[in-house]
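One structure is given below, encoded as structure tokens.
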Amino acid sequence: MILNKLIQELPTKPEVIGNENIEINDMTFDSRKAVEGVLFVAQKGEKTDGHAYIDKAIELGCKAIVCQVKPESTREGVTYVITEDTHLALGLMASAFFGYPSRHMKLVGVTGTNGKTTIATLLYRLFTAMGKNCGLFSTVANYIKGERMPATHTTPDAIELNRQMRKMVDEGCTHCFMEVSSHSVVQHRIAGLDFDGGIFTNITHDHLDYHKTFNNYIQAKKGFFDGLKKEAFALTNIDDKNGNIMLQNTAAKKCTYSLRTMADFKCSIIEQGFAGTLLKMGNTEAFMLFVGTFNAYNLTAIYGAACSMGEDPQDVLRVLSTLHPVDGRFETIQSKDGKTAIVDYAHTPDALTNVISTINAIRKEGQQLICVCGCGGDRDKTKRPEMAREAVKGAQQVVLTSDNPRTEDPVAILEDMKAGLSDVELEQVLTIVDRREAIRTAMKLAKAGDIVLIAGKGHEDYQDIQGVKHHFDDREEVRKIFGIE
């Protein structure tokens, strides 16, 4: 593709130094991949600035640079495009370079603090079961027509997004569902994508290490809805106090879902147990293989989105009733001697509260709840004491342990968590740094009929310690202890 055609995607006319009719064969924001024929987009990041690597890219043979800081000196034979925001430019140009793939599918984005993975994944499974060819971008894995690919981010970078969407279109996909993280909105990773719908789940305390304030976090989520076209639908959880904020400035068709009040898509819980939940969706009752109020919200969002996309409501409920929970989301494992382990990804105070509340609503008198949880390193420190408080508030016994400590001292992370507890609350808490040993200890404390919640990592099969990912899977550990192959 000619560089000039990509430049035309930019919102304001950039300054161009050199030949803008140069041929572009690929794009990158990684200077190590910026060889001849590749357009290098220099971006300012949190830790590094791509502008510092422009000369390195040129030395590798790159002859086309997009930057937002004009170089002090330019090299002959190299074209420089100076624009206001290279993050925005990357998204817009990547979409054009790959032939606007999102315009050739029905693309639905899911944003919010909790529930994104479950909703996006189940939408993918629902529409696949209904005979559609679908693509998925999620925290757990990405899929193209059943082909699984590893996921490195909740929302991939703009180039990878469009590259994979191009593959989806070429493979015959008509629908694509994706998690839209707050980071991806602020960093313009989704710029240039043509969404046909957006879903808001909820918003609670998370990612303040990046967004700095809760209002910034809310505005990041809202930014996704502000960008939706008028032909799209905007579906929001009206029971969340910030649900209506998402709809304030959107041009899309506004829809709501709820468990507590009047809404376009209303659901109520009739009966629930660890095997599943009997729901009333609109005027129809349906048994779902999911547990908890939070999952009732997720299923209502999925139902509302599918109906908003023109699917028959009864067909949607029929197929939904056959689907199973997403890996690591309230995943239940039973032992032969009557103990129940629940592995869940809950890694925010609100998510942990929801899971614990669900368990407490179902467990019978005499059954004890033991909670194993921790907090990730190099992330929002303010939620650490909150996580500990929520665990102690809802469980009879708590084992605090390592999550993904990353570059932090795991002991220091645990001390931050314990700082939120009183001396009385600390009496029901054990602190075991080694996660494997913490899980084993919790299982030893449990008696027949007791429930052990292992929170924080869910589907993850690793622990990130000092920059090294070591294999570790909560579900594997539980099965070993239970003697399950």
Side-chain angles (χ1 to χ4, degrees), residues 116-118 120-121 136-144 146-157 160 164 179 181 324-336 339-348 351-352 355 370-380 384 387 391 398-414 417 430-446 451-485:
K116 295 190 298 296
T117 300
T118 293
T121 303
L136 170 69
F137 293 102
S138 83
T139 302
V140 177
N142 301 328
Y143 283 88
I144 299 177
E147 179 188 352
R148 179 186 172 112
M149 296 166 291
T152 56
H153 294 82
T154 297
T155 310
D157 65 76
E160 189 62 21
Q164 294 302 325
E179 295 184 49
S181 68
H324 292 266
V326 176
D327 291 348
R329 267 60 176 182
F330 211 91
E331 190 168 342
T332 304
I333 306 171
Q334 300 277 352
S335 73
K336 296 171 184 176
K339 299 176 184 177
T340 299
I342 297 172
V343 177
D344 194 88
Y345 189 53
H347 60 286
T348 65
L352 187 62
V355 174
I370 302 168
C371 178
V372 180
C373 69
C375 287
D378 301 333
R379 296 294 186 269
D380 184 1
R384 292 174 183 174
M387 289 284 285
V398 175
V399 182
L400 298 180
T401 189
S402 294
D403 191 287
N404 289 318
R406 299 183 178 88
T407 64
E408 283 196 69
D409 178 2
V411 175
I413 296 172
L414 293 173
M417 295 185 75
L430 292 176
T431 304
I432 303 173
V433 177
D434 184 273
R435 192 173 182 90
R436 179 174 288 108
E437 187 56 37
I439 293 172
R440 288 188 175 279
T441 298
M443 292 304 178
K444 287 179 182 177
L445 291 171
I451 301 130
V452 178
L453 169 64
I454 305 165
K457 292 179 60 60
H459 65 280
E460 293 180 351
D461 59 2
Y462 65 86
Q463 261 196 303
D464 188 336
I465 303 172
Q466 293 300 319
V468 179
K469 288 188 175 181
H470 305 267
H471 180 79
F472 191 93
D473 189 319
D474 288 348
R475 297 162 298 176
E476 286 182 9
E477 297 303 317
V478 170
R479 290 187 178 103
K480 286 177 188 175
I481 295 168
F482 285 174
I484 302 171
E485 293 297 329

Asp403 side, atom CG; Arg384 side, atom CZ - distance, nearest 0.5 Å: 10.0 Å
Heavy-atom check, side chain of Gln463 versus side chain of Lys469, under 4.5 Å: no
Pair Thr121-Val140, side chain to side chain contact (heavy atoms under 4.5 Å, CB included): steps then yes or no: CA-CA 9 Å; Thr121 303; Val140 177; 5.7 Å; no
Non-hydrogen atoms of Thr401 and Leu414 that approach each other most closely: O-CD2, 3.4 Å
Spacing of OG belonging to Ser138 relative to NZ belonging to Lys116, to within rounding of 0.5 Å: 11.0 Å
Intermediate values then yes/no, salt bridge (charged side-chain N to carboxylate O under 4.0 Å, His left out), Asp461 and Arg475: CA-CA 9 Å; Asp461 59 2; Arg475 297 162 298 176; over 6 Å; no
Side chain to side chain, Asp434 and Ser402, heavy atoms closer than 4.5 Å: no
Closest non-hydrogen atom pair, Ile432 against Ala438: CG2-N, 3.8 Å
Derivation of the side chain to side chain contact (heavy atoms under 4.5 Å, CB included) call for Met149 and Tyr143: CA-CA 6 Å; Met149 296 166 291; Tyr143 283 88; 5.8 Å; no
Straight-line distance of Phe482 CZ to Lys336 NZ, nearest 0.5 Å: 11.5 Å
Contact check, side chains of Asn142 and Leu136, non-hydrogen atoms, under 4.5 Å: no
Gap separating the CZ atom of Arg440 from the CE atom of Met443, nearest 0.5 angstrom: 10.0 Å
Near-ring test Tyr345/His459, centroid separation under 6.0 angstrom: yes
Rounded distance [0.5 Å steps], CD in Gln334 versus CD1 in Ile342: 8.5 Å
Rounded distance [0.5 Å steps], SG in Cys373 versus CE in Met387: 5.5 Å
Side-chain heavy atoms of His470 within contact of Ile465, under 4.5 Å: yes
Flag side-chain contact, heavy atom, 4.5 Å: Cys371 against Leu352: yes
Non-hydrogen side-chain atoms of Ile439 and Thr441 separated by less than 4.5 Å: no
Polar side chain donor-acceptor pair, Glu460 to Asn404, under 3.5 angstrom: yes
Any donor-acceptor N or O pair under 3.5 Å, side chains Thr407, Gln466: no
Electrostatic pair Lys457:Asp344 at N-O distance under 4.0 angstrom: no
Derivation of the side chain to side chain contact (heavy atoms under 4.5 Å, CB included) call for Leu400 and Leu430: CA-CA 6 Å; Leu400 298 180; Leu430 292 176; over 6 Å; no
His347 side chain near Arg379 side chain, heavy-atom distance below 4.5 Å: no
Least distance between heavy atoms, Ile413 atom then Gly376 atom: CD1-C, 4.3 Å
Distance-only polar pair, side chains of Glu476 and His471, donor-acceptor under 3.5 Å: yes
Ile333 and Thr340: CA distance, side-chain angles, deciding distance, side chain to side chain contact (heavy atoms under 4.5 Å, CB included) verdict: CA-CA 6 Å; Ile333 306 171; Thr340 299; over 6 Å; no
Min side-chain heavy-atom separation Val372-Val452 under 4.5 Å: yes
Residue pair Thr139 / Glu179, side-chain donor-acceptor N/O under 3.5 Å: yes
Main-chain N/O of Asp474 paired with Glu477 side-chain donor or acceptor, under 3.5 Å: no
